[in-house]
Amino acid sequence: MKATLYLDQVAEPVAVLDDVKIVEFGSDNHPEGERIRIYYNTDNLNATKMMVELHRDRKMTVKLEDGRSASALITHASLDAKGHFVGVLRVIGPLA
């Protein structure tokens, strides 16, 4: 599944995520509204001149290919051995 990331006040997506996997933690160790993580893999993280990884502390809106969306924070961003961007988004609130 694909997804796009948007910052507030920016009409264009700031990142296009080629492959995402949604994971929900079932334990009570995480607060009720913060149990969903989105693992992503993409060839090019930045869709504009804005460097997304520098905005970890800002809430972004993630929109999934199937129509669902939610607020999210970048928890982890890195490169894999093949040069692809990989990382984790922490979903804040419901994914609807």
Side-chain angles (χ1 to χ4, degrees):
M1 180 178 346
K2 292 187 177 196
T4 52
L5 276 176
Y6 294 86
L7 281 172
D8 292 340
Q9 311 297 330
V10 180
E12 297 177 14
V14 293
V16 177
L17 310 175
D18 296 331
D19 182 35
V20 298
K21 293 177 179 68
I22 301 167
V23 176
E24 183 170 0
F25 296 115
S27 71
D28 293 336
N29 293 338
H30 300 86
E32 184 69 35
E34 296 183 13
R35 291 185 181 173
I36 299 174
R37 301 291 187 269
I38 298 176
Y39 294 85
Y40 66 84
N41 182 354
T42 186
D43 290 333
N44 188 7
L45 182 62
N46 301 308
T48 63
K49 293 182 180 181
M50 184 175 299
M51 296 190 67
V52 177
E53 55 271 13
L54 297 178
H55 297 276
R56 291 175 180 260
D57 57 338
R58 291 180 60 185
K59 278 188 184 178
M60 300 182 196
T61 302
V62 60
K63 293 185 179 181
L64 301 173
E65 188 177 47
D66 63 4
R68 296 182 288 174
S69 66
S71 295
L73 294 172
I74 295 178
T75 302
H76 175 73
S78 185
L79 290 172
D80 68 5
K82 297 179 183 177
H84 298 235
F85 290 90
V86 294
V88 179
L89 301 174
R90 179 170 42 115
V91 175
I92 310 289
L95 182 62

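Hydrogens, waters and symmetry mates play no part in the numbers below; they use all other heavy atoms, side chains included. All values reported here derive from a predicted model rather than from experimental measurement.
A continuous path of hydrophobic side-chain contacts links L95 to M1 [ILVMFWY only; heavy atoms under 4.5 Å]. Linking ILVMFWY residues whenever their side-chain heavy atoms come closer than 4.5 Å, directly or via other members, leaves Y39 and I92 in distinct clusters.
Proximity of F85 to D43: side-chain heavy atoms (C-beta onward) are nowhere separated by under 4.5 Å. Contact annotation: the side chain of L45 approaches that of L17 to within less than 4.5 Å [non-hydrogen atoms, C-beta and beyond].
Interatomic distance, K2 NZ to T42 OG1, rounded to the nearest 0.5 Å: 8.5 Å. Note that CZ of R68 and NZ of K63 are 15.0 Å apart. Values are rounded to the nearest 0.5 Å. One finds the CZ atom of R90 at 14.5 Å from the NE2 atom of H76 (value rounded to the nearest 0.5 Å). Atom CE of M50 and atom CD of E12 lie 10.0 Å apart (nearest 0.5 Å). To the nearest 0.5 Å, the span separating CD1 on I22 from CG on D66 amounts to 6.5 Å.
Shown here for P13 and A47, the closest heavy-atom pair between the two residues is O-CB, 3.5 Å. Closest heavy-atom contact between H55 and M60: O-CE, 3.5 Å. What you find for P94 and A70 is that their closest heavy atoms are O-CB, 3.4 Å.
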Would you sort out whether H84 and D18 count as a side chain to side chain contact (heavy atoms under 4.5 Å, CB included), showing the intermediate values? CA-CA 10 Å; H84 298 235; D18 296 331; over 6 Å; no

Going through the distances and angles, do V91 and I38 end up as a side chain to side chain contact (heavy atoms under 4.5 Å, CB included)? CA-CA 7 Å; V91 175; I38 298 176; 3.8 Å; yes

Output, in order, the C-alpha distance, side-chain angles, deciding distance and verdict of side chain to side chain contact (heavy atoms under 4.5 Å, CB included) for Y40 and V86. CA-CA 6 Å; Y40 66 84; V86 294; 5.6 Å; no

Side chain to side chain contact (heavy atoms under 4.5 Å, CB included) for N46 and E53? Distances and angles first, verdict last. CA-CA 9 Å; N46 301 308; E53 55 271 13; 3.6 Å; yes

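Electrostatic pairing of D80 and K82 does not count as a salt bridge here, judged by no charged N lying under 4.0 Å from a carboxylate O.
If you run side-chain contact (heavy atoms from CB on, under 4.5 Å) between L89 and each of V20, L73, L5, I36, only L5 comes through.
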